[in-house]
Amino acid sequence: MSENRQPALPARPTLIRAALALSGWVALAATTLPAGAPLRWIPVLLFVCFGPGLALLYPQPGPLRPGARLEAAALAAPVALSLAVVVATALFLVRGFSGTVFLMSLAALTTLASVLPGLPLPAATRGAVERSRVTPVRRR
């Protein structure tokens, strides 16, 4: 008797999304370690600099072309740092800023962003598609 099995969905994107969602909570947990310990500040620094940006840019529909992968990697840090500045400014304006609240806010936003589809990467994907469809012009 043969079994009719559905092909398994690729687990890699799901694992990457789960890792991105958990990265903020790991950074928040790392703040309970003694002050100045590298195991405390390294996860926090990496999360604040890259976590939210990767969560917003990574989950793309379909495979990325090499240009789009480079674009996502190059945009991850500026997007993450911009979001961190917005969150910190908002917390300062409501007089509620603390390191814990800041990291919890970023971790919650990163968790939410990792569940949603990624932001489109128009420059790399559009340019690659347009270049592949252009036919050379013959001059007489």
Side-chain angles (χ1 to χ4, degrees):
M1 199 174 354
S2 65
E3 295 180 23
N4 291 334
R5 290 188 181 180
Q6 296 288 334
L9 295 175
R12 186 174 177 197
T14 305
L15 290 176
I16 292 173
R17 287 181 179 198
L20 287 171
L22 290 175
S23 65
W25 304 108
V26 169
L28 184 64
T31 61
T32 62
L33 296 172
L39 287 177
R40 178 180 177 158
W41 61 267
I42 290 175
V44 172
L45 179 68
L46 288 175
F47 169 69
V48 171
C49 288
F50 297 105
L54 287 173
L56 284 170
L57 296 172
Y58 170 69
Q60 296 291 320
L64 293 176
R65 292 198 163 106
R69 282 185 292 223
L70 180 61
E71 182 183 20
L75 285 175
V79 168
L81 292 173
S82 298
L83 186 60
V85 168
V86 169
V87 168
T89 303
L91 290 172
F92 273 115
L93 289 174
V94 298
R95 299 182 192 272
F97 183 84
S98 73
T100 303
V101 173
F102 172 71
L103 281 176
M104 281 185 8
S105 301
L106 278 183
L109 287 171
T110 302
T111 301
L112 178 66
S114 65
V115 174
L116 301 173
L119 296 173
L121 301 170
T125 55
R126 183 186 68 235
V129 171
E130 289 172 354
R131 281 191 297 273
S132 67
R133 291 184 185 169
V134 172
T135 57
V137 178
R138 294 183 183 178
R139 294 187 179 188
R140 295 179 187 186

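Nothing here was measured: the structure is a model prediction, and the numbers come from that model.
Of all heavy-atom pairs spanning Val87 and Ser105, the tightest one is CG1-CB, 3.7 Å. Across all non-hydrogen atoms, the minimal contact from Ala80 to Pro52 is CB-CD, 4.0 Å. Shown here for Ala30 and Pro43, the closest heavy-atom pair between the two residues is CB-CG, 4.0 Å. Taking all atoms of both residues into account, the shortest heavy-atom contact from Val44 to Ala27 is CG2-O, 3.4 Å.
Remark: Leu20 CG to Thr110 OG1 distance equals 8.0 Å, nearest 0.5 Å. With values rounded to the nearest 0.5 angstrom, Leu22 atom CG is found 12.5 Å from Leu28 atom CG. If you take OG on Ser114 and CD1 on Ile16, they are separated by 12.0 Å, rounding to the nearest 0.5 Å. Rounding to the nearest 0.5 Å gives a distance of 11.0 Å between SG of Cys49 and CG of Leu54. One finds the CH2 atom of Trp25 at 10.0 Å from the CG atom of Leu106 (value rounded to the nearest 0.5 Å). Taken from OG1 in Thr111 to CG in Leu116, the straight-line distance is 11.0 Å, to the nearest 0.5 Å.
The hydrophobic cluster containing Leu103 does not contain Val86, counting ILVMFWY residues as joined when their side-chain heavy atoms lie under 4.5 angstrom apart, directly or transitively. A continuous path of Ile, Leu, Val, Met, Phe, Trp and Tyr side chains, each step under 4.5 Å between heavy atoms, connects Val101 with Leu109, placing both in one hydrophobic cluster. The same ILVMFWY cluster, assembled from side-chain heavy atoms under 4.5 Å apart, contains both Leu45 and Phe50.
Using cut-offs of 30° and 60° on the angle between ring planes, the pair Phe97 and Phe92 is parallel.
Annotation: side chain of Phe102 is in contact with side chain of Val48 (closest heavy-atom distance under 4.5 Å).
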